[in-house]
Structures are given as structure tokens and as C-alpha cells.
Amino acid sequence: MDAFLCVVEARLHFGEVQDLKGKRKLIHSLKAQLRQRFGASVAEVDGHDKWQRSTLICALVGDGQVGDRADGLVRFIESRCPDGCAFDRDLLSLDDLRNE
């Protein structure tokens with residue numbers, strides 16, 4: 001069985017949020033849902049001090065179907081962030097990781 005790692009960087013915009021407290025509430029909920037629904041490891045890596053922007057890194061590990069799970073994760077985030085989001089994604093095999 002081949003093992004893969006898919007890393008998704010999600011840059012989010014929250015146009016309706018008025019303060020850091022509101023953004024943190026949304027981010028906390030979104031991170032919990034991504035962990036529960038997709039089994040993703042999730043961390044906020046940028047935008048901590050900005051109330052309308054955030055960057056999340058999501059990591060998924062699995063077999064060849066991990067790309068499909070990443071597609072679902074991206075669609076889920078898009079549905080939760082109607083004010084806008086952008087994504088970068090890398091899919092690496094275990095061999096790729098060992099050779100780098």
C-alpha cells in the first residue's frame with residue numbers, strides 16, 4: 001500500500017466579522033469540523049492579529065484516496081467562507097518525503 005501526505009494551505013477572508021473575538025470563534029469551529037469530518041490535522045499559521053484574515057494549514061495522510069478527501073475539504077471550507085478563500089495544495093508520496 002502506498003502512503004500519501006496532502007497539505008492544503010487555505011487563505012481565508014471573513015468580510016462580515018467585526019473583531020478578533022468573532023474571527024476566533026469561526027476559526028475554532030472550522031478547525032474542529034475539519035478534524036472531525038476529514039481527519040485533518042489543522043493549524044492556524046498566519047493572520048493571528050488580523051480580524052478579517054487567516055491562513056490554515058491542513059494535513060491529510062492516507063492511501064491514494066487522500067486527494068479525494070482533500071477535494072472535499074476544500075469544498076467544505078469554500079462553503080463555510082463565502083467572503084473568499086484561496087488554496088494551495090501539495091500531494092506527496094512517502095517516497096517523495098524520504099528522498100527530500
Side-chain angles (χ1 to χ4, degrees):
M1 179 175 89
D2 293 325
F4 293 91
L5 167 68
C6 187
V7 179
V8 178
E9 177 185 9
R11 293 174 305 282
L12 312 175
H13 176 70
F14 303 102
E16 299 295 320
V17 175
Q18 299 300 317
D19 57 16
L20 279 173
K21 185 177 180 180
K23 181 193 101 166
R24 287 186 187 125
K25 182 179 177 181
L26 289 174
I27 291 294
H28 180 75
S29 174
L30 180 59
K31 287 169 51 178
Q33 291 175 36
L34 292 173
R35 288 179 183 122
Q36 182 179 9
R37 287 178 177 254
F38 299 97
S41 293
V42 185
E44 183 178 12
V45 296
D46 195 19
H48 299 283
D49 58 343
K50 296 181 174 51
W51 50 272
Q52 286 190 320
R53 299 206 180 273
S54 181
T55 301
L56 298 180
I57 297 291
C58 307
L60 299 166
V61 178
D63 60 10
Q65 302 299 316
V66 76
D68 295 336
R69 285 178 39 222
D71 292 340
L73 182 138
V74 166
R75 285 191 302 273
F76 183 80
I77 293 173
E78 288 174 329
S79 73
R80 297 300 188 267
C81 299
D83 296 322
C85 45
F87 301 93
D88 284 319
R89 185 167 125 175
D90 292 305
L91 180 63
L92 302 166
S93 71
L94 190 56
D95 290 336
D96 293 335
L97 294 170
R98 289 181 176 157
N99 292 329
E100 292 188 4

- Message: Would you say that Q33 contacts R80 through its side chain, given a criterion of any heavy-atom pair below 4.5 Å between the two side chains?
- Response: yes
- Item | Minimum heavy-atom distance between C58 and L34, given as atom pair plus value | SG-CD1, 4.0 Å
- Backbone N or O of V61 within a donor-acceptor pair of the R69 side chain at under 3.5 Å? yes
- Task: Ignoring hydrogens and angles, tell me if any N or O in the side chain of S29 forms a donor-acceptor pair with the backbone of L26 under 3.5 Å.
- Result: no
- Message: For H13 versus D83, what's the shortest heavy-atom pair and its separation?
- Response: O-CB, 3.4 Å
- Task: Kindly say whether A43 contributes a backbone atom to a donor-acceptor pair with the side chain of K31 at under 3.5 angstrom?
- Result: no
- Task: Supply the atom-to-atom distance L73 CG to D71 CG, rounded to the nearest 0.5 angstrom.
- Result: 9.5 Å
- Message: Taking E9 first and then R11, would you say they form a salt bridge - that is, a charged N and a carboxylate O separated by under 4.0 Å?
- Response: yes
- hydrophobic_cluster_shared for I27 and F76, side chain cutoff 4.5 Å: yes
- Closest heavy-atom pair and its distance - Q52, G15: NE2-O, 3.2 Å
- Heavy-atom pair with the smallest gap, counting every atom of G67 and R89: O-NH2, 3.4 Å
- Do L60 and L5 have side chains that get closer than 4.5 Å, going by heavy atoms? no
- Hey, does L56 have a side-chain heavy atom less than 4.5 Å from the side chain of L30? yes
- Minimum side-chain heavy-atom gap T55-L12 below 4.5 Å: no
- Are K23 and D49 within salt-bridge range, i.e. N to O under 4.0 Å? no
- Query: Taking atom SG of C81 and atom CZ of F14, what is their separation to the nearest 0.5 Å?
  - Reply: 4.5 Å
- Message: Quick one, F87 and E78 - any side-chain contact, counting heavy atoms below 4.5 Å?
- Response: yes
- Message: Taking NE2 in H28 as the centre, count heavy atoms belonging to other residues, nucleotides or ligands within less than 6.0 Å. Is the count above 12?
- Response: no
- Query: For the atom pair CZ (R24) and OG (S54), what is the distance rounded to the nearest 0.5 Å?
  - Reply: 10.5 Å
- Closest non-hydrogen atoms of V8 and A70, given as atom of the first, atom of the second and distance, are CG2-CB, 4.2 Å
- Message: Check for me, please, whether V74 and V7 land in the same ILVMFWY cluster - side-chain distances under 4.5 Å, paths through other members count.
- Response: no
- Item | Closest contact, heavy atoms only, F4 versus V66 | CB-CG1, 3.6 Å
- Calculate, to the nearest 0.5 Å, the distance between atoms CG and CG belonging to D90 and D96 respectively. 10.5 Å
